[in-house]
Amino acid sequence: MSDVSFHDLSSATPEQRANLLKRAEADLSVFVEKVRPIIEAVRTEGDAALLRFARDLDKADVAAGGLKVSEAEFDAAFDKVDKDVVDSIRFGIENIRHFHEEQRPETMWLKEVRPGAYAGDRYTPIASVALYVPRGKGAFPSVTMMTSVPAVIAGVPRIAIVTPPTSDGSVDAATLVAARLAGVETVYKCGGAHAVAAVAYGTETVKPALKIVGPGSPWVVAAKSLLSSIIDTGLPAGPSEAIIFADDSVDGGLAALDLLIEAEHGPDSSAYLVTHSRKVVDAALAALPEHWSRMSEQRVEFSRAVLTGKRGGIVLTASLEDSYRFINDYAPEHLEILSKEPFAHLGHITEAAEILMGPHTPVTLANFVLGPNAVLPTSRWARTYGPLSVTDFLKRSSVGYVTSAAYPELAGHARRLARYEGFSSHENAVSEIRDRYLGG
Ligand SMILES: NC(=O)c1ccc[n+]([C@@H]2O[C@H](COP(=O)([O-])OP(=O)(O)OC[C@H]3O[C@@H](n4cnc5c(N)ncnc54)[C@H](O)[C@@H]3O)[C@@H](O)[C@H]2O)c1
Ligand SMILES: N[C@H](CO)Cc1c[nH]c[nH+]1
Ligand SMILES: [Zn+2]
């Protein structure tokens, strides 16, 4: 398809190259300004604002008093969802659980740092967490699985899902099935910026939470940025993005197939095929029309917008090293390494939130059922954040214990440093005054 964006890195200026790294979240200013009054309305009006935004923004008819999903709605969801889909949700949850159980740290460890002096860490669950499950350009039982399972493993006592209602005022049935199978029973029918405000401030129905995690549209991302001093907003997960990296050992048609996976999320997604092989580029371009012919109209529209726009397409590099450099600069949310020898490339990649190895590990598998978490940092945040994990639902306290035998040596050194820093009370607390009380 000739209108697919094509970028030849060997002739790109530094500015053109820098532009390729920009995501939709690079400029949230328009969203931030629109979101500000939404947040204020939820803060001051509570449930009434949530019901109004459900009607005006989600086009959903939620009854007064109906913001929380009832037991009966949960039960009915199991009748609505195809049994095979329920089986696949169970299969996914099982793998996600196996994977995340490995992440759970020991409740406490203590190390003897000096004879008789101990120091370590203790982990306890965060008291209350909200899980954002999107429902704009698709339904996301998978996000329900990815957020709920680690929260339950961490032992968070109060977990609530917030998700936009559909037009009849219900919540996507598979989302409810996934929530219950993962062990979460509280679901509120609100989404977008208003949901973030609701869990930050609390309303008559929605209990406030200490933290919100989960991906969302720029509306959600903008609200999180405005509310980050009220509620912990966790890792930044915005519109989906992927790099499909191919060396010259694979078919470009396959690379094109996988390029479309994340490109179909929405027009604000980002997706590049990165390769130094002309042969791969030509085969990918030739294959795209056939792949598009097998997709729904809406997903063609979304992925075409991405691949013909400023945040997607094909990047032809000068060499393998140039490909590695571009990928590390870009720091993608999802990275596929399409190669007969994927592990030969792995050591060259340091900046990517998820790295999927070889042609049998397409992004789809990891999005749904492989086990690792598919809630991942976007917009280059993979340079400092990792995927959502059990530790996102825990907090860490340091623990120290000094015995009388170890005390004198530590006190002597601490005293000197306290004096140097000019803290007389700190110093007194480890001087001869303290010895008086300890009977020494
Ligand atoms: N990074 C990740 O881990 C990850 C995982 C899954 C999905 N995603 C991404 O999450 C995003 C989900 O977005 P989505 O749109 O499907 O669902 P969403 O739930 O995030 O957004 C829909 C909400 O936005 C609100 N909204 C829509 N238009 C609005 C307006 N004009 N003013 C105020 N609010 C408005 C709606 O009321 C609705 O509640 C996608 O971009 C997807 O790619 C990311
Ligand atoms: N690709 C998304 C994360 O960016 C996860 C997902 C769920 N469903 C489909 N895709
Ligand atoms: Zn996806």
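Start at 1 with the first residue, then count along the sequence. From a predicted model like this one, the values you see are computed outputs, not experimental measurements. In listed order, ligands and their atoms are each counted from 1.
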*side-chain hydrogen bond (donor to acceptor under 3.5 Å, both in side chains) between Thr166 and Ser170: does it pass, once the steps are laid out?*
CA-CA 6 Å; Thr166 44; Ser170 70; 3.0 Å; yes
_Within a 6.0 Å radius of atom CZ on Arg122, are there more than 12 heavy atoms belonging to other residues, nucleotides or ligands?_
no
*asked:* Quick test of your reading of the model: are Arg17 and Asp329 salt-bridged, counting only N-O distances below 4.0 Å?
replied: yes
*Going by an N to O cut-off under 4.0 Å, is there a salt bridge joining Lys80 and Asp172?*
no
_Within less than 2.8 Å of the Zn ion (ligand 3): protein N, O or S atom count_ = 3
*Can you list the ligand 1 atoms lying under 4.0 Å from a non-hydrogen atom of Ile38?*
33 (C)
*asked:* Under a 4.0 Å threshold between the charged nitrogen and the carboxylate oxygen, would Asp27 count as salt-bridged to Lys22?
replied: no
_Quick check on contacts: which atoms of ligand 1 are under 4.0 angstrom from a heavy atom of Gly191?_
39 (O)
*Of all the non-hydrogen atoms in the protein, which one sits nearest to atom 41 (O) of ligand 1, and at what distance?*
Pro239 CA, 3.3 Å
_More than 12 heavy atoms of other residues, nucleotides or ligands under 6.0 Å from NZ of Lys395: yes or no?_
yes
*asked:* Please verify the inter-ring angle class for Phe245 with His345; under 30° counts as parallel, over 60° as perpendicular, anything in between as tilted.
replied: perpendicular
*Tell me the ring pair (Phe, Tyr, Trp, His ring centres under 6.0 Å) pairs involving residues 62-100, sequence neighbours left out?*
none
*Do Asp58 and His194 touch side chain to side chain, with heavy atoms closer than 4.5 Å?*
yes
*Under 6.0 Å from the six-membered ring centre of Phe393 and within 45° of its axis: does the NZ or CZ of Arg104 meet both?*
no
_Under the criterion side-chain hydrogen bond (donor to acceptor under 3.5 Å, both in side chains), I'd like the reasoning laid out for Ser277 against Thr275: C-alpha separation, chi angles, the key distance, then a yes or no._
CA-CA 5 Å; Ser277 164; Thr275 184; 4.6 Å; no
*Sub-4.0 Å atoms of ligand 1 with respect to non-hydrogen atoms of Gly136*: 14 (P), 15 (O), 16 (O), 17 (O)
*asked:* Tell me the protein heavy atom at minimum distance from atom 8 (N) of ligand 1, and give that distance in Å.
replied: Ser240 OG, 3.4 Å
*Can you list every pair that meets ring pair (Phe, Tyr, Trp, His ring centres under 6.0 Å) and has a residue in residues 298-319, with sequence neighbours left out?*
none
*Identify, for atom 15 (O) of ligand 1, the protein heavy atom at the shortest distance, and state residue, atom and that distance.*
Lys137 NZ, 2.8 Å
*asked:* When you measure from the heavy atoms of Lys34 to every atom of ligand 1, does any distance fall below 4.0 Å?
replied: no
_Atoms in ligand 1 with a heavy atom of Val220 nearer than 4.0 Å_ = 20 (O)
*Evaluate the side-chain proximity of His265 to Lys137: yes if any heavy-atom separation is below 4.5 Å, no if none is.*
no
_Heavy atom of the protein closest to atom 5 (C) of ligand 1 (residue, atom name, distance)_ = Pro215 CG, 3.3 Å
_Interfacing atoms of ligand 1 (cut-off 4.0 Å, heavy-atom, Thr378)_ = 1 (N)
*Ala54 touching ligand 1 at heavy-atom level, < 4.0 angstrom*: no
_Can you report which non-hydrogen protein atom sits closest to atom 3 (O) of ligand 1, along with the distance?_
Leu376 N, 2.9 Å
*Enumerate the atoms of ligand 1 whose separation from the nearest heavy atom of His265 is less than 4.0 angstrom.*
42 (C), 43 (O)
*asked:* I'd like to check which ligand 1 atoms, numbered from 1 as shown, lie under 4.0 Å from a non-hydrogen atom of Asp58.
replied: 36 (C), 37 (O), 38 (C), 39 (O)
*Got the closest protein heavy atom to atom 12 (C) of ligand 1, with its distance?*
Pro134 CB, 3.5 Å
*Is the CD atom of Glu40 crowded by more than 12 outside heavy atoms at less than 6.0 Å?*
yes
*Could you check whether the rings of Tyr401 and Tyr118 sit parallel, tilted or perpendicular, using 30° and 60° as the cut-offs?*
parallel
*Would you mind listing which atoms of ligand 1 come within a distance below 4.0 Å of any non-hydrogen atom of Trp219?*
24 (O), 26 (N), 27 (C), 28 (N), 29 (C), 30 (C), 31 (N), 32 (N), 33 (C), 34 (N), 35 (C)
*Salt bridge check: are Glu71 and Arg180 linked by an N-O gap of less than 4.0 Å?*
yes
_atom 19 (O) of ligand 1 [closest protein heavy-atom partner, distance rounded to 0.1 Å]_ = Tyr132 OH, 2.7 Å
*asked:* Looking at non-hydrogen atoms alone, which of Glu333, His194, Met146 comes nearest to atom 2 (C) of ligand 1?
replied: Glu333
*For side-chain hydrogen bond (donor to acceptor under 3.5 Å, both in side chains), just list the numbers for Thr205 and Asp47, CA-CA rounded to whole Å, side-chain angles, deciding distance to a tenth of an Å, and then say yes or no.*
CA-CA 7 Å; Thr205 302; Asp47 282 359; 2.5 Å; yes
*Show the protein residues that qualify under the rule heavy atom under 4.0 Å from an atom of ligand 2, listing them in chain and number order.*
Phe140, Ser142, Ser240, Glu262, His265, Glu333, His334, Asn367, Phe368, Ala374
*asked:* Tell me whether Glu333 is salt-bridged to Arg23, with the criterion being a basic N under 4.0 Å from an acidic carboxylate O.
replied: no
*Given the rule in the side-chain hydrogen bond (donor to acceptor under 3.5 Å, both in side chains) test, do Ser293 and Glu290 qualify, once you have shown the distances and angles that lead to the verdict?*
CA-CA 5 Å; Ser293 74; Glu290 202 224 315; 5.2 Å; no
*Which heavy atom of the protein is the closest neighbour of atom 21 (O) of ligand 1, given with residue, atom name and distance?*
Ser217 OG, 3.0 Å
